[in-house]
Amino acid sequence: MGKKVIRIKDIAEKAQVSTGTVDRVIHNRGRVAEDVKERVNSIIKQLNYEPNLMARVLSSRKTFNIAALIPDHKIDAYWSAPKSGIKKAESEFRAYGTKIEYYTFNPYKVESFVKKADELTKEKPDAIILSPIFYKETLPFFEKWKSQNIPFVLFNTEIHEYDPLSYIGQDSYQSGLIAAKLIHYGNPDPSTFLVAHIDEGTANAAHLEKKEQGFRDYFEQNSLSDYQIIRAELNTAQLSSFLNAFDTILRENPELKGIYVTTSKAHEIANLLQQKHIRTLKIVGYDLVSKNIKLLNNGMISFLINQHPKGQGYWSVSHLVDHLIFKKEVPMLKYLPLDIVTKENLNYYLDSDE
């Protein structure tokens, strides 16, 4: 048998009040005597009444303006996937009155981020989605949005100090542990490994620091003191400096056997090694961007860790819709799976809709 539908009329009859009184209690509007309110709420609970949230939303005709503050995918291809996820969610939830305004910034210029964050703050949206890749510059905006009671959801980069509504993305520390284990298995004898941060500085990127710490902790936790871990922050904007810095690393570290690239730029290292005809180094990186895929397929990159960037964008919108429209509690953390991708299982991920 199907579940019995409980109507407002049923609650009104049992409480011996009008349907209008029940409606005011349910929607918390208008004046209702405390004893009446308690009686109605007791009966609502007793009858297990569930309001028709869909009908309520569609009848309200309110538009919820969500601001998406995201890096420009034309500058860094990685950000194409999160934007695709946001657009997918935007299409699904449009019927509920959601509208998304995009504020894109240059991921390598902090002033571009600040300018766009200022612009959206002045518009006072109902909610905000962002990837806070510039840690220090983001914090003042968190304070402003909190003071204005604007909920915000973070993706890709976790910052918990300012109590965002939710964070969707990878566990950066755990992904560092995974990367270390992959490189260690490929090099069982004492070796030197490089942690390479490419085109992002760790001083203002908390998620990169967590990745490196996870990588280092793997060797410490497993008492692998014979392995040397070195690090480098490399910038491809100045090609000659980038080439010289990498050549110096190779020359000064003859025992180098593996490279962990903490960003989506593993292809930058793999390309250099391919040009030098060096195929003995194991490379672990992140994300299924086209340049990484090509070098994974030809064996220059050993493993890619998939952070589900499309899912990060999608779930960011979904959580805000649950919070704003359906008045549901949303989890403060939603860690997405960390999938290990090789050339042998790559095709399963290329067709995935996440």
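The structure displayed is predicted, hence computed values, not measured ones.
Residues Phe134 and Pro107 approach most closely at CZ-O, 3.2 Å, considering heavy atoms.
Taking the charged nitrogens against the carboxylate oxygens, Glu101 and Lys99 have no contact shorter than 4.0 Å, which rules out a salt bridge. Remark: Glu119 engages Lys116 in a salt bridge, criterion side-chain N to carboxylate O under 4.0 Å.
Separation of the Phe326 and Tyr96 ring centroids falls under the 6.0 Å cut-off.
In this structure, a donor-acceptor pair under 3.5 Å is absent between the side chains of Tyr173 and Glu158. Checked by atom type, the side-chain pair Thr21/Arg24 shows a donor-acceptor distance below 3.5 Å.
Other residues, nucleotides and ligands contribute only 12 or fewer heavy atoms inside 6.0 Å of the NZ atom of Lys124. The number of heavy atoms from other shown groups lying within 6.0 Å of CD (Gln221) is above 12. The 12-atom threshold is not exceeded at CD of Glu220, counting heavy atoms of other residues, nucleotides or ligands nearer than 6.0 Å.
Residues satisfying the salt bridge (charged side-chain N to carboxylate O under 4.0 Å, His left out) criterion with Lys276, sequence neighbours excluded, are Asp247. Looking at residues two or more places apart in sequence or on another chain, you find no side chain to side chain donor-acceptor pair (under 3.5 Å) involving Tyr103.
Among Leu296, Ile183, Ile283, Val284, the single residue meeting the side-chain contact (heavy atoms from CB on, under 4.5 Å) criterion with Phe303 is Val284.
Residue pairs meeting the ring-ring contact (aromatic ring centres under 6.0 Å, His included) criterion with at least one member in residues 213-236, sequence neighbours excluded: His184-Tyr218, His184-Tyr227, Phe193-Phe219, Phe193-Tyr227, Phe215-Phe219, Phe215-Tyr260, Phe219-Tyr227.
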